[in-house]
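Inspection log for the structure reproduced underneath, given as structure tokens.
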Amino acid sequence: MTDDDICPCDTGRSFDQCCGPLLASERLADTAVELMRSRYTAYVYGNREHLWRTWHPTTRPAEVTLGPDTTWISLHINRIEAGTESDSHGFVDFTATYAGGRLHERSRFERRAGRWFYLDGQDA
């Protein structure tokens, strides 16, 4: 991957200007949707550490497992509820397409001590 590669999270920005700094722990997500996009990108690249680190401590598994044969193709954000820099909770409804199917989920996010975490999600 080069600095000019387009980030897979569908913002149209380069990876280096989008999710790259979040996956590298150089900065934190400002909003719930930004964290959601970085988590999708982490799934695309198999970055278990970022997924574990951004999962809420009360709901995260002991170990994050990834489907070794899953090829993620695209992400579409359907709806965002709250989750701004001034909120403590937020919801992101998204559709992620992978080879052979798609995942439609409504994810819950919580901000603790100024840091966003993925709490859980429900199939939509």
Taking atom OG of Ser38 and atom CG of Leu28, what is their separation to the nearest 0.5 Å?
10.0 Å

Below 4.5 Å, heavy atoms only, C-beta onward: do Gln17 and Thr11 meet side chain to side chain?
no

Count the heavy atoms belonging to other residues, nucleotides or ligands that lie under 6.0 Å from CD of Gln122, then report whether that count exceeds 12.
no

Does a side chain donor of either Ser25 or Arg53 reach within less than 3.5 Å of an acceptor in the other side chain?
yes

Any donor-acceptor pair under 3.5 Å linking the side chain of Asn47 with the backbone of His50?
yes

Please check if the number of heavy atoms outside Arg79 that lie under 6.0 Å from its CZ is greater than 12.
no

Using every non-hydrogen atom in the two residues, find where Cys9 and Leu75 come nearest and quote the distance to one decimal.
O-CD2, 3.6 Å

Ignoring hydrogens and angles, tell me if any N or O in the side chain of Arg106 forms a donor-acceptor pair with the backbone of Asp93 under 3.5 Å.
no

Any pair counted as ring-ring contact (aromatic ring centres under 6.0 Å, His included), so long as it reaches residues 51-71, sequence neighbours left out:
Trp55-Tyr118, His56-Phe117

Once rounded to the nearest 0.5 Å, what's the spacing between atom CG of Leu23 and atom CZ of Arg39?
10.5 Å

Judged by atom type as modelled, is there a donor-acceptor pair below 3.5 Å linking the side chain of Arg111 to the main-chain atoms of Glu85?
yes

Report yes if the side chains of Leu66 and Tyr43 come closer than 4.5 Å at any heavy-atom pair, otherwise no.
yes

Please check if Leu22 and Trp116 belong to a single hydrophobic cluster, counting links between Ile, Leu, Val, Met, Phe, Trp and Tyr side chain heavy atoms closer than 4.5 Å.
no

Minimum heavy-atom separation for Arg48 and Val64, please, with both atom names.
CD-O, 3.1 Å

Compare every heavy atom of Leu119 with every heavy atom of Thr59, then report the nearest pair and how far apart it is.
OG1-O, 2.6 Å

Indicate the atoms forming the closest heavy-atom contact of His104 with Asn78, along with that distance.
NE2-ND2, 3.4 Å

Is the shortest heavy-atom distance from the side chain of Leu103 to the side chain of Phe94 under 4.5 Å?
yes

Taking every heavy atom of Thr31 against every heavy atom of Thr84, the minimum-distance pair comes out as CG2-CA, 4.2 Å

How many angstroms lie between CZ in Arg102 and NE2 in His76, if you round to the nearest 0.5 Å?
10.5 Å

Within 6.0 angstrom of Glu63 CD, more than 12 heavy atoms from elsewhere:
no

From the list Arg108, Glu81, Glu110, side chain to side chain donor-acceptor pair (under 3.5 Å) partner of His89 resolves to Glu110

Any side-chain heavy-atom pair of Met36 and Glu105 under 4.5 Å:
no

Just so I know, are the side chains of Cys7 and Arg37 near enough to count as touching, which here means a heavy-atom distance under 4.5 Å?
no

Asp10 versus Ser74: any side-chain heavy-atom pair under 4.5 Å?
no

Do Arg13 and Ile6 come close enough that some side-chain heavy atom pair is under 4.5 Å?
no

Should Leu35 and Phe91 be counted in the same cluster of Ile, Leu, Val, Met, Phe, Trp and Tyr side chains packed under 4.5 Å apart?
no

Atom of Pro8, atom of Thr41 and distance for their closest heavy-atom approach
CG-CG2, 3.8 Å

Within-4.5 Å side-chain heavy-atom neighbours: Asp87 and Phe109
no

OH of Tyr98 to OG1 of Thr70: how many Å apart, nearest 0.5 Å?
7.5 Å

